[in-house]
Amino acid sequence: MPLLRIYEAPDPMLRQISTPVEAIDDELRVLIADMFETMYDAPGIGLAAVQVGVPRRLLVMDLQEPSDPDDEDSPPIRQPRVFINPVIESHSDSEVPYTEGCLSVPDQYAEVMRPDHIRATWMDEHGKRHDQELDGLLAICLQHEMDHLEGVLFIDHLSKLKRDMVLKKLAKARRERGAIAF
Ligand code: GNR
Ligand code: NI
């Protein structure tokens with residue numbers, strides 16, 4: 001199965017508002033499989049369909065936490081999760097900081113504040129409905145991915161000064177990458 005191209009900022013694709021998934025069919029299952037392959041290869045812990053050029057309300061996630069919490073290099077526990085048409089039903093008033101990255105903003109990291117506790121509903125790849133309270137990295141990652149469905153990137157949560165700094169560094173890194181390639 002092929003790896004998919006990940007769109008990077010400032011590509012206008014990432015500003016598309018994703019539309020609901022209408023049917024869980026074979027075409028969607030192939031896309032989901034390709035998205036997991038692309039996410040694991042990157043590597044990342046989440047991927048929204050719009051990041052691979054498909055502006056639908058679909059995202060995949062696997063936190064891949066180390067099997068031994070005291071050993072970062074122990075084999076990751078694979079727990080693939082699929083979120084179709086997810087909705088955040090409610091969130092805590094309290095927010096926590098977390099240093100985020102994004103496969104569409106490669107190698108750039110910045111602290112973002114988000115509610116630390118959410119209740120979300122979604123459908124999985126079998127069409128089963130879920131309604132769960134989430135916290136920790138799972139809640140942070142789902143909010144990051146759901147931002148993508150609205151055309152929002154984590155850098156949009158930063159001040160304009162910080163956002164422009166990240167975009168400049170991204171452009172510079174891309175120029176240097178290009179200079180090596182040619
Ligand atoms: O791989 C990813 N890591 C990450 C770290 C902190 C907060 C969010 C994320 S999601 C990111 C993959 C990605 O870009 N998903 O859209
Ligand atoms: Ni992202």
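Given the structure is predicted, the values throughout are model-derived calculations rather than measurements. Throughout, residue positions are numbered sequentially from 1 according to the sequence presented. In listed order, ligands and their atoms are each counted from 1.
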Looking at D124, L59, L142, L138, which hits side-chain contact (heavy atoms from CB on, under 4.5 Å) with R81? L138
Mark up the atoms of ligand 1 that fall under 4.0 Å of a heavy atom belonging to [X], in ascending order.
{"X": "G101", "result": "4 (C), 5 (C), 6 (C), 8 (C), 9 (C), 10 (S), 11 (C)"}
{"X": "I45", "result": "1 (O), 2 (C), 3 (N), 4 (C)"}
{"X": "H148", "result": "16 (O)"}
{"X": "C102", "result": "14 (O)"}

When you check the gap from the basic side-chain N to the acidic O, do D107 and R177 get nearer than 4.0 Å? no
Kindly give the heavy-atom pair with the smallest separation between [X] and [Y], and that separation in Å.
{"X": "L134", "Y": "A139", "result": "O-CB, 3.6 Å"}
{"X": "Y7", "Y": "M13", "result": "CD2-CB, 3.6 Å"}
{"X": "L28", "Y": "A23", "result": "CD2-O, 3.9 Å"}
{"X": "P20", "Y": "N85", "result": "CA-OD1, 3.4 Å"}

How wide is the angle at the Ni ion (ligand 2) spanned by H144 NE2 and H148 NE2, rounded to 10 degrees? 100°
Are any of the N or O atoms of [X] closer than 3.5 Å to those of ligand 1?
{"X": "A48", "result": "no"}
{"X": "E145", "result": "yes"}
{"X": "Q51", "result": "yes"}
{"X": "L103", "result": "yes"}

Step by step, would you call K160 with D164 a salt bridge (charged side-chain N to carboxylate O under 4.0 Å, His left out)? CA-CA 6 Å; K160 177 164 166 50; D164 287 348; 2.8 Å; yes
Under 4.0 Å from ligand 1, counting heavy atoms only, is it the side chain of [X], its backbone, both or neither?
{"X": "H144", "result": "side chain"}
{"X": "M39", "result": "neither"}
{"X": "Y98", "result": "side chain"}

Of all the non-hydrogen atoms in the protein, which one sits nearest to atom 7 (C) of ligand 1, and at what distance? E100 CG, 3.5 Å
Tell me if the CG atom of D131 is crowded by more than 12 foreign heavy atoms within 6.0 Å. yes
We want to know whether R57 and T19 form a side-chain donor-acceptor pair, criterion being a heavy-atom distance below 3.5 angstrom. no
Closest candidate by heavy atom, reference atom 13 (C) of ligand 1, pool P43, G46, G44, A42: G46
